[in-house]
Amino acid sequence: MTAKTTEETAKQERILIYQVLPRLYGNRQTNNRPSGSLAENGCGKMNDFTESELKRIRSFGFTHVWYTGLLEHATQTDYTAYGIERDHPAIVKGKAGSPYAIKDYYDIDPDLAVNVKNRLREFDALVKRTHAADLKMIMDFVPNHVARCYKSDARPARVRDLGQDDDTSRRFSPNNNFYYLTGSPLNTSFCTQKFEEKPYKEYPAKATGNDCFNARPSVNDWYETVKLNYGVDYEGGHRCHFNPVPDTWRKMTHILLFWARRGVDGFRCDMAEMVPCEFWTYAIAEVKKKFPHVCFIAEVYNPAEYRNYIRRGGFDYLYDKVGLYDTLRAITRGEQSAACITGCWQSIDDIRPHMLNFLENHDEQRIASPFFAGDAAKAYPALVVSACMGTNPFMVYAGQELGEPGMDEEGFSGRDGRTTIFDYWSVSSLRRMGLGEIYLTPSEQRTYAYYKRLLTLCRENPALSSGQFYDLMYVNYDRTAGLNPDLHYAFLRKQGNETLLIAVNFGDRTASFGVRVPSHAFEFMGLRSGMYAAIELLSGELQTVELKPDGLSQVCVPGNGAVILRLARR
């Protein structure tokens, strides 16, 4: 296979997504008591995303904000004074609860509102502020499972609630919204904590969200959730009952339309591959009939299903987790060769514009944690590769741009290198960033500046935002010029007269080596041989680079670093 690839010229601005967890992002309190309550530890609010803060996010280079955890979910905080039924703590993970145990698809989480009664108005105001900052809004859609205590008190008139009309005497019915384990109560032995409340009762037990079809989920199951029924009889040979359209399909599509009407520009769809692709074909088409601009991002982990969920399902973008993310993580940790990068893009080259690249999100361990790299700067080569090798979307998780290590022991979430999604907490790096860049540590300031420079380039430089890509590694395996394919990776980007030579170094020491540029690259990208004045776009340094067919272009790349050389004819 040759190393060339083509991509359609982008017709819109390069998509750069900033993922934020509002519960944490704006929280300025400093108590941070493990397993602390809302009153003790505080909580960020939608109103913390002020006009100035959103402008800062936009100026960083981002085009979209993914507000994680906006929908009302199960919690141990008591909101009965506002007409919200209290959740039993045995089926809530952490004091704050999981943002993916949805309690009401038509409501906003009360934790995030300054005035709980006006939480939907505060949400609408957030949409307006986001758009006024020239940013698009993405929110979660969690289709596979709901909180065990799901009950919508905010659903529109004439909308029937999930499970309201179910025949609970049947384990499976195409007309049911849930799966029932008839004749069996839910066994709550999964809950190892002791509470003053009476034990949680559920009869008949419902199937648990991670496809656990028995009444005894374990502590490692998604025991706080129940599985939604999309017409697949899992215990009856996986037979599909999609005609007539299942009731769950209609209800979930109505939920998508509800939020699209309120101005949401996109949905990040949780565990999309646990829901039949036929549903997505139906739902995405229905939404795009009325809101063609709304984008759909799928959290998927099975490469065999990628093309199915794009071409049949209608998704705009899919996580590139088990390919590029896992590979770059392993290379950064010294567990894999940099040569493996080539195979990542080759395996999905036909759908590469649809893949969402990232190095962090709320599910993954922080780069700066000892579980990953131990230092944010060690992942700069991976960052440049992930952000710069295509025109597809790239995502950053809030705190990543500061080198947040995620090593707090918050309560339900232990010291695992992840920032909690279950607890009330305040993240030190984010808290100080909210006060101004001068409050960041020198290390955080350096990381912040590096990310800002790179993402601004990804948005503004035509070769990075919409240009061609050419992998140079297939002619650079002989090591005679000093390029070590286990540690080094090089490629070209080009758009019009803008030509970039990019090389990264996963090693700890500065490396000088020659990058061979094959004659085919000159033909494919319309390159011209000769001496070029080159500016290194990350540092601003000037140098001279020679390009000639099958010749060597000399580069010097810092340890754990990268160079992006813009070439101009002398």
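Reckoned from all heavy atoms, side chains included, excluding hydrogens, waters and symmetry mates.
When ring centroids are compared, Tyr67 and Phe49 come within the 6.0 Å threshold. Aromatic ring centres of Phe315 and Trp280 lie closer together than 6.0 Å. Aromatic ring centres of Trp259 and Phe123 lie closer together than 6.0 Å. Taking the six-membered ring wherever Trp is involved, the centroid distance between the rings of Phe358 and Tyr325 falls below 6.0 Å. The six-membered or imidazole ring of Trp249 lies near that of Phe242, with a centre-to-centre distance under 6.0 Å. For Phe60 and Tyr18, the gap between ring centers reaches or exceeds 6.0 Å.
Taking both residues in full, the closest heavy atoms of Gly69 and Leu112 are given as O-CD1, 3.5 Å, listed atom of the first, atom of the second, then distance. A pairwise comparison of heavy atoms in Pro246 and Pro174 identifies CB-O, 4.0 Å as the closest pair. Residue Gly313 comes nearest to Ile284 through the heavy atom pair O-CD1, 3.4 Å, listed as atom of the first residue, atom of the second, then distance. Closest approach of Val20 to Ala398, counting heavy atoms only: CG1-CB, 3.9 Å. Listed here is the closest heavy atom pair of Val116 and Tyr79: CG2-CE2, 4.0 Å. Between Val294 and Val264 the shortest heavy-atom distance is CG2-O, 3.7 Å.
You'll find the side chain of Lys290 reaches within 4.5 Å of the side chain of Leu257, heavy atoms only. Residues Glu364 and Phe372 form no side-chain contact, since every pair of their non-hydrogen atoms from C-beta on lies 4.5 Å or further apart. The shortest side-chain heavy-atom distance between Leu186 and Pro217 falls under the 4.5 Å cut-off. Side chains of Leu324 and Leu328 form a contact here, defined as non-hydrogen atoms less than 4.5 Å apart. In this structure, Asp265 and His293 have side chains that are in contact, with non-hydrogen atoms separated by less than 4.5 Å. Phe394 is listed as a side-chain neighbour of Leu455, based on a closest heavy-atom distance under 4.5 Å. Considering only heavy atoms from C-beta on, Leu126 comes within 4.5 Å of Thr130 through its side chain. With a 4.5 Å cut-off on side-chain heavy atoms, Ile57 and Val65 count as touching.
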Exercise for the section: Tell me, with the steps shown, if Leu356 and Ile297 meet side-chain contact (heavy atoms from CB on, under 4.5 Å). Expected result: CA-CA 8 Å; Leu356 169 64; Ile297 301 169; 3.9 Å; yes

Problem - Audit row: Arg250, Val245, side-chain contact (heavy atoms from CB on, under 4.5 Å) steps and yes/no - result: CA-CA 7 Å; Arg250 297 187 186 279; Val245 172; 3.6 Å; yes

Exercise for the section: Start with the C-alpha gap between Asp87 and Gln76, add the side-chain angles, then the distance that decides, and say whether side-chain contact (heavy atoms from CB on, under 4.5 Å) holds. Expected result: CA-CA 6 Å; Asp87 304 312; Gln76 292 190 41; over 6 Å; no

Problem - From CA spacing to verdict: side chain to side chain donor-acceptor pair (under 3.5 Å), Asn144, Asp270 - result: CA-CA 8 Å; Asn144 177 64; Asp270 185 71; over 6 Å; no

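Annotation: Arg121, atom CZ; neighbour count of heavy atoms from other residues, nucleotides and ligands within 6.0 Å does not exceed 12. Other residues, nucleotides and ligands place no more than 12 heavy atoms under 6.0 Å from the NZ atom of Lys55. Around CD of Glu51, the count of heavy atoms belonging to other residues, nucleotides or ligands within 6.0 Å does not exceed 12. Within 6.0 Å of atom OH in Tyr82, 12 or fewer heavy atoms from other residues, nucleotides or ligands are found, so the atom counts as exposed in its surroundings. Counting heavy-atom neighbours within 6.0 Å of Lys227 NZ, excluding the residue itself, gives a total above 12. In Lys452, the NZ atom is crowded: over 12 heavy atoms of neighbouring residues, nucleotides or ligands sit closer than 6.0 Å. Applying the 6.0 Å contact sphere to CD of Glu460 captures more than 12 heavy atoms from other residues, nucleotides or ligands. Shown here is Arg311, whose CZ atom has more than 12 heavy atoms of other residues, nucleotides or ligands within 6.0 Å.
The closest side-chain donor-acceptor pair between Asp221 and Asn210 falls under 3.5 angstrom. Using modelled atom types, one finds a donor on one side chain and an acceptor on the other under 3.5 Å when comparing Ser52 with Thr50. Donor-acceptor pairing under 3.5 Å is lacking for the side chains of Gln19 and Arg268. Tyr150 and His145 share no side-chain donor-acceptor pair at under 3.5 Å. Remark: the Tyr25 side chain and the Glu53 side chain contain an N/O donor-acceptor pair separated by less than 3.5 Å. No side-chain donor-acceptor contact under 3.5 Å links Asp161 and Ser152. Using modelled atom types, one finds a donor on one side chain and an acceptor on the other under 3.5 Å when comparing Ser429 with Glu404. Looking at Glu437 and Tyr439, their side chains never bring a donor and an acceptor atom within 3.5 Å of each other. Thr419 and Arg366 share a side-chain donor-acceptor pair at under 3.5 Å. Residues Tyr424 and Ser35 have side chains that never bring a donor and an acceptor to within less than 3.5 angstrom of each other. In this structure, a donor-acceptor pair under 3.5 Å is absent between the side chains of Arg23 and Thr68. Counted by atom type alone, Thr168 and Asp166 present zero donor-acceptor pairs between their side chains at under 3.5 Å.
Put simply, the side chain of Asp140 never gets that close to the backbone of Tyr100: no donor and acceptor are under 3.5 Å apart. Listed for the Asp423 side chain is no donor-acceptor partner under 3.5 Å among the backbone atoms of Trp425. Judged by distance alone, with hydrogens and angles left aside, the side-chain atoms of Arg160 form no donor-acceptor pair with the main-chain N or O of Gln164 at under 3.5 Å. Asn32 places a side-chain N or O within donor-acceptor distance of the main-chain N or O of Ser426, the cut-off being under 3.5 Å. Proximity of a side-chain donor or acceptor of Arg312 to a complementary backbone N or O of Thr281 within less than 3.5 Å is not detected. In terms of modelled atom types and a separation under 3.5 Å, the side chain of His354 and the main chain of Asp316 share a donor-acceptor contact. Checked by atom type and distance alone, the side chain of Asp109 never pairs as donor or acceptor with a backbone atom of Glu72 at under 3.5 Å. Looking only at distances, a side-chain donor or acceptor of Gln400 sits under 3.5 Å from a matching main-chain atom of Tyr397.
Annotation: cation-pi pair Arg155/Tyr105 absent, no NZ/CZ under 6.0 Å from the ring centroid and within 45° of its normal. The side-chain tip of Lys206 points at the ring of Phe178 from less than 6.0 angstrom away and within 45° of straight on.
Between Glu360 atom CD and Ser386 atom OG the span is 11.5 Å, to the nearest 0.5 Å. Taken to the nearest 0.5 Å, the CG atom of Leu359 stands 13.5 Å off from the CD atom of Gln365. Note that CZ of Phe296 and CD1 of Ile138 are 11.5 Å apart. Values are rounded to the nearest 0.5 Å. Distance check, rounded to the nearest 0.5 Å: OG of Ser369 to CG of Asp416 gives 8.5 Å.
Exactly one of Lys117, Arg119, Lys151 qualifies for a salt bridge (charged side-chain N to carboxylate O under 4.0 Å, His left out) with Asp107. That residue is Arg119.
Under a 4.0 Å N-O distance rule, the pair Lys128/Asp124 does not qualify as a salt bridge.
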